[in-house]
Every structure is written in structure tokens, then in C-alpha cells.
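Note sheet for the following structure.
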There are 2 protein chains.
Amino acid sequence: MTASYRPLSRKDIRRENEKLILEAAEKVFAEAGFGGATMQLIADMAGLPKANLHYYFPTKESLYRQVVQAIFLDWLKAADIFDAAPGPVEGLGAYIDAKMEISRRHPAGSKVWASEVMHRAPVIQDYLETTLMEWTEGRMDVIRRWIAEGKMDPVDPRHLLYMLWATTQHYADFGHQIETLNGGRPMSDAQWVAAKESVKSIILKGIGARPSPDG
Amino acid sequence: MTASYRPLSRKDIRRENEKLILEAAEKVFAEAGFGGATMQLIADMAGLPKANLHYYFPTKESLYRQVVQAIFLDWLKAADIFDAAPGPVEGLGAYIDAKMEISRRHPAGSKVWASEVMHRAPVIQDYLETTLMEWTEGRMDVIRRWIAEGKMDPVDPRHLLYMLWATTQHYADFGHQIETLNGGRPMSDAQWVAAKESVKSIILKGIGARPSPDG
DNA sequence: GCTTTTCCTGACCGTATGGTCAAGAAAAGA
DNA sequence: TCTTTTCTTGACCATACGGTCAGGAAAAGC
């Protein structure tokens, strides 16, 4: 019991407050956009005075930058499974599952990213040109290899990737529209399963993915 | 010659200025979001003094509302072809073509819509609940009919529609990302053709669309 | 020509926002 | 214990924004 009353160390305080602020900021940026978000709103949601935000993050833009960076790194991780897979059924299937899960659990992040890109990426253009470019080239190589090995039809790997991004992120970015068309109710567990299955089934069949013989 | 120097009538002036303002507003709202857009920016882009904007559109929100409404009506038109088609190959193929063309020619509108929905549709929620809901139900009926007639696989029509929206609008909403990944150059005519073909081919094959016998 | 209506616009106003600062509280270091 | 460093925060500031308004210009109506 006594241990839990030990005063927080400096490092703990900093880590905890930064996390609190970043989480609040992600929500507010997602709901209001960069221009519509205010430091006061973020402060209220984090339960801290506004001046305290400026102590940890000197400007609104620096706070926003860190939010976007965290999202981007999160997405890159989701694609690790891609490379190790023996073929498109396993690799793309798992990738779709992973990205759908992010859309479900982390919709605010997806919205912030979409907003940033739609506004011509003023903050993360360098990421697009370096990290994302390399990542995309690498994944296209994997797809081309699968095609060469006869594991799927010879589709354009670039547009396949765009379709994967578009379709999976749609469930986060347009979640409000989907909810409205669902009678005002959020998608149930069963509906999420159906969504994943629909997406996977149409895309995998659409590219003529053939299950690995040694799967 | 003399005719072209006739002073503009009141109706002409109004129509012309409103059009000028709406076009400028669409661009600015698309690039900066509702919160980031300023009446001054829109005025500058339209080449009019700010006070003149408030003469035609009393508030920023009323201007925004009209921009979003125009976009929505534009999209509804694009789906007329859907109903008349004998089957999914013609109907969905033409719909994909039409929406891809809008993404190419009218990307700002798509971005404004995306932004509005991402921010929980504060301005057009009623449209979602009425017009869009009815439109969606009607199109799902068409798809179900095609399925019943054996013209395509029994896929979930709802998620098929979401995939169509997501994929086609992605080329507008994420156009900047696509351009960056394309070496910083906008997609060429040939690349647009390839994009359309990729999307159509994967989706139509993915749903097992069978060409109409009497096509 | 005279009156009415519509259009135009520079100057102005209240407010909200991002950001600053000084002074104190609390932990760390010696 | 005394000093140093880090953290906290109410009060404050300059600016930019949405919106107003009065007074004039220009068509329309008669």
C-alpha cells in the first residue's frame, strides 16, 4: 500500500503528462482538425491548465507533429506480418485484419493522418518522401515476387496497395457516416467480423490469390 | 462587339459572384478545413473584398453549408447510371469510372466532404440520415437483385458500396500522398487509365461479376 | 428625371486564440 | 539543510478572426 503513495518521480511525471496531453490532442485534432483544435480544448480534455501544455510542447504545431509521428510509426508496425508471409492469402489477409483492427481501436489516429494528407501534408511531407516511399517500394517488391511465383494475378501492385489503404482506413475516417447508415448504432462485433470478411474475400478473390500449397 | 460591353444585369452579377465565391470557398475549405479556412483567404482567392462575401453569404457556416450541399448533389447524379444497367459489369464499372473521374476533376469537393464526415458531419447530418440513407438502401436493392439473378457472387452489398466509395475517393482525398509516391508528379493520363482498370478489374473479379448474356 | 432597390467596401468592433511570463511549489542533488 | 533544477499556473498580451455598419455607387422601376 505504502508504495503506491510514493511521490511521482520527475521522469514519471513527465512521461505521464506527455502521454495525457498526446492522447487528448489526438482526439481533439481528429474531431476538429488542426485549425479547429484549440490548446484550451486539449488542455480541458487532458485535465491540465493550458500553460502546462506549453511547458511540455512549446507550440501547437510541435504537439501536432508528435501526434502525427506516433500514428505513422504505429502503422508501419502493422505491416511487419506482410513480409514474413508465404503468399498473398496469408500476408494480405493478415495485413487487412491488422489495419481493420487499427481502424476500429484507433480511429482518431487515422483521421488525423487523413486530415494531414488532405491538407497537403505540411508537417509530415518528409516522412512521405522518405520512409513511406521506401516502405511502399519494398511492399511492391513483395507483391511482384508473389506474382512471379504464380501465387496471384499480375495486378498493378501500387493500386492494390492504395485499395488496401483506402478500404481499411475508410472504416475509421468515415466511421460516422457508416454509423449513421447503420441506424445510428456503432458496428457490432459481428458486423466488424462481417466487414473484415467482406473486404478480405473481395480483394483476395479479385487479385486471384491462390493459397500456398505448404500452408 | 457592343453587346459584350453591356453592363451586367443584377441577376448576372449575383449569379457570377456567388459562383466565384463558392468555387474559391471550396478550394480553401478543402485545403485548410473549416476551422483553418478564413473568410479573408476565400475573399482573396475570389478577388473580392471580405465584406462582399458577407453580403452574399451572411456567415462562414452558411457559405460552407452551400459548398457541401453542391458536392453532395453532384455525387448523387453520378450514380444514375447504376440503376439502368443490366448487370454489375456495366453498372458498377460505369459507377467506378464516374466516381474516379470526379476524383480527378473535382478533388476539392471530395476533400470537403471527407472533412465534414470526419468531423461528425455537424452541417450535413440530416442529409446522411435521409437522402444518403435512402440512396444507399436503393442501391443495395439493385445489388441484391443482381445477386438473385446469378449475375454476381452473394457478397454483402453494404460493404461492397463502402469499398467503392473508399477506393474511388481515395484518389482525390489522398491525392497528395499518391502524387508524392509518384515521384512528386501528378498522375498522367495513362496512369489514370491504369488506376481505373486496376480498380474495376479487382472489384469486378472479386465479386464474381458475370457479363450480361445480352450485353 | 426621380425614387427605390440592390450592390459594394473601407473602417471598425468584440472576442477567442496561441503564446508569454513571473512567481511559487516541489522534487533532486549536495 | 541549503541550493539547484524542474514543474505548475493565473494573469496577461498581441494578433487575427468573424462579423457589422454606414455611406456611397450603380442598376431598376416608374
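None of the values given here were measured: they were computed from a predicted structure.
Note: OH (A/Tyr55) to P (D/dG10) measures 17 Å, nearest angstrom. In this structure, A/Asp12 places its CG atom 12 Å from C1' of C/dA27, rounding to the nearest Å. One interatomic measurement links the two molecules: CZ of B/Arg15 to C1' of C/dC7, which rounds to 16 Å at whole-angstrom precision. The interatomic distance linking B/Glu16 (CD) with C/dC7 (P) rounds to 13 Å, in whole Å. C/dC8 atom P lies 11 Å from atom CD of B/Glu18, rounded to whole Å. Rounded to a whole Å, the CZ atom of B/Arg14 is 15 Å from the P atom of C/dT5. Counting to the nearest Å, the P atom of D/dG19 and the CG atom of B/Asn52 are 15 Å from each other.
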| So A/Asp83 and A/Arg145, salt bridge (charged side-chain N to carboxylate O under 4.0 Å, His left out) or not? Walk me through it. | CA-CA 11 Å; A/Asp83 297 36; A/Arg145 203 187 64 224; over 6 Å; no

| field | Trace of the side chain to side chain donor-acceptor pair (under 3.5 Å) decision for A/His176 with B/Gln125 | value | CA-CA 10 Å; A/His176 176 75; B/Gln125 179 64 22; 2.5 Å; yes

| task | Would you sort out whether A/Glu31 and A/Lys111 count as a salt bridge (charged side-chain N to carboxylate O under 4.0 Å, His left out), showing the intermediate values? | result | CA-CA 8 Å; A/Glu31 284 185 10; A/Lys111 289 179 188 175; over 6 Å; no

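Less than 4.0 Å separates DNA chain C from no heavy atom of any residue of residues 19-33 of chain B.
The aromatic rings of A/Trp113 and A/Phe72 lie parallel to each other, their planes meeting at an angle below 30°, with 60° marking the opposite boundary. Relative orientation of the A/Tyr95 and A/Phe82 rings is perpendicular, given thresholds of 30° and 60° on the angle between their planes. Using bins of under 30°, 30° to 60° and over 60° for the plane-to-plane angle, the ring pair B/Phe29/B/Tyr64 lands in the perpendicular bin.
Looking at B/Gln169 and A/His170, their side chains never bring a donor and an acceptor atom within 3.5 Å of each other.
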| request: For nucleotides 14-19 of chain C, just jot down a letter per nucleotide in 5' to 3' order: B, S or -, based on protein non-hydrogen atoms under 4.0 Å. | output: ---SBB

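The side chain of A/Arg10 places no N or O atom within less than 4.0 Å of a non-bridging phosphate oxygen (OP1 or OP2) of D/dT5.
Across all strands shown, B/Phe57 has no heavy atoms under 4.0 Å from either base or sugar-phosphate atoms. Within the 4.0 angstrom heavy-atom criterion, no nucleotide atom of any strand lies near B/Leu48.
With B/Lys99 contributing its side chain and B/Thr167 its backbone, the two residues share no donor-acceptor pair below 3.5 Å.
For B/Trp165 and B/Tyr162, the distance between ring centers is under 6.0 angstrom.
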